[in-house]
Every structure is written in C-alpha cells, then in structure tokens.
Amino acid sequence: MQKFRDRKQRGERVTALTAYDYPTARLLDESGIDIILVGDSLGMVVLGYEDTTQVTLAEMVHHTKAAARGVKRALLVADLPIDTYNDPGQALATARALVEAGAHAVKLEGGVSHISQIEAIVAEGIAVMGHIGMLPQSVREEGGYKVKGRTQSEVQGLVRDGEAVEKAGAFAVVLEIVNPEAARQITRALSIPTIGIGSGDHCDGQILVTHDLIGLFPWFTPKFVSPEARVAEEIRKAVQVFIERTRSGES
Ligand code: KIV
C-alpha cells in the first residue's frame, strides 16, 4: 500500500469507480482503473433501497464475490456495511469475511470516532481505506446529503479526522461531499492520497459510482456528476426495438 503514498508524492492521481458484479468489474479492470470499490451504494443503485442503511454483510459478501471474479489487476476494495464495525472485534470479523469473499482491502466510514476499528483491521494485515466528510450510513441522522467543511471548525475537525485515519494505518481516504477548499487543506495535511467524490479538484484522486458516470441510474444523478454516457437510454431503445420486432412477428 506504500505505492499509494508514492503516487501522491509523484503527483499521480488515483482513479476509482464502483462495481458490484462480474461484467462491470471486468470492464473497469480491463479499462485500467486503479481501484474498484464494491460500495454499499449497491443498496440504492442495484438493490433498490432508499439509502445504504439497509445493506447487510451477506449482500456485500455476495456482490464482492461476483466482482472479484472479474478483477485481475485493479485493487478491489469492499465496504463494511452499517452496524458491522461497531467495535474493533466486530470490525475485524467483518473485514475478514470480505477478504475471504475476494476483497484486497476494505473501506469504512468515520474518522477520529473509528480509529480503534481501523487499527484492529490493519494489525491483521488487511488494508483499510478511510471515508470522511459526508457519511452516507449516517444520512438519516444527518437529514440528507449535506456539504461538509463549510466552517473553520468543521474544516479543523475534518483535518483531525484525516490525520487520525492516516495515523491508524489507512492507505487512502475518501472525502465525500467536502467543500473544495476544505478538501484542499485535508489533502495538503496528509501523506496518504485523498480520493474525492463531490469534493472538487484538489484531491489526489477521484471516485464515482459507476451507475452515475455512465447514466445507468436515470432516476437520480448527484449534482456533482457529469455523466459520460446514457446507458439507461440505450437499454430503453434496445428493449423498445425488441418489443416492436417481437410483436410484429420478426425474430
Ligand atoms: O458506497 C460507495 O459507493 C461509496 C463511494 C461513493 C465512495 O462509498
């Protein structure tokens, strides 16, 4: 995992996208992405839940196994779902289950509050990616997906979170929906790469939910995403052609 710190020092940006199944993971891997995340965002874009708070470890294991079959080259990271890392022992057991399913590393949400969990996992030789800023597993308590790091005290808190996560042994940290200026300050304060989502251009890398990037979840697209394709439209067109062909008796 030293390689990620070295990349930061050389100013090389890290690329990361989500995958929850074999074909998507294989396509991303073959395209040269650095990190493939089996994110608990699968709760919304694959399983149809309202948010990530209903995702279970069994679901994460199932999708991690599928994605792992498609990965030869990229680093495969899997999310610890909500309420599966409430203490260091539980965090370690969950991380082991995801590594057994094929993940090379795990990600968990939280900064200063989750240091003992990160330390316990890293001590077992399992690589950890941190996740600070907006924490989707806390969306219900927070009352929505709100920008973090708007005030000086929030920025200081985020820098402390980032530093604590780095000290605990994480090899990189996701900054989700963090004010770009705050993201710049966190990025400067850390030696591990910051990987931003909706946090501006000053991070050391970027991550997106692949469904958002390729327009495969047309019912909701976060404001900060510029889709590069309209896959949902292509599916609708192909299905329409198939329906018309079949109804008209063509094969
Ligand atoms: O679950 C997920 O996909 C994530 C990314 C959005 C960072 O955590």
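Both ligands and their constituent atoms are indexed starting at 1 by order of listing.
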Out of P222, G43, S41, who is nearest to atom 2 (C) of ligand 1 when you count heavy atoms only? S41
Could you give me the CA-CA distance, side-chain angles and deciding distance for Y20 and S41, then say whether side chain to side chain donor-acceptor pair (under 3.5 Å) is met? CA-CA 9 Å; Y20 321 100; S41 51; 2.7 Å; yes
Protein contact to atom 8 (O) of ligand 1 [nearest heavy atom, distance to 0.1 Å]: K107 NZ, 2.8 Å
Would you compute the distance between atom CZ of R230 and atom CZ of R236 and round it to the nearest 0.5 angstrom? 11.0 Å
Taking only heavy atoms of [X], which atoms of ligand 1 are found under 4.0 Å from at least one of them?
X    : result
H131 : 8 (O)
I197 : 6 (C)
T18  : 3 (O)
G39  : 1 (O), 2 (C), 3 (O)

For a side-chain hydrogen bond (donor to acceptor under 3.5 Å, both in side chains) with Q137, tell me which candidate from T53, D40, D51, T52 qualifies. D40
Assess whether side chain to side chain contact (heavy atoms under 4.5 Å, CB included) is satisfied between Q117 and L80, documenting all intermediate values. CA-CA 11 Å; Q117 283 90 332; L80 270 59; over 6 Å; no
Could you see which bit of [X] sits under 4.0 Å from ligand 1, with heavy atoms only: side chain, backbone, both or neither?
X   : value
D40 : both
D79 : side chain
L37 : side chain

Got a sec, which pairs hit ring pair (Phe, Tyr, Trp, His ring centres under 6.0 Å) with one end in residues 102-160, sequence neighbours left out? Y85-H114
Tell me whether the count of non-hydrogen atoms from other residues, nucleotides or ligands lying under 6.0 Å of CD in E100 goes above 12. no
For V112, does its backbone N or O pair with a side-chain atom of D161 as donor and acceptor, under 3.5 Å? yes
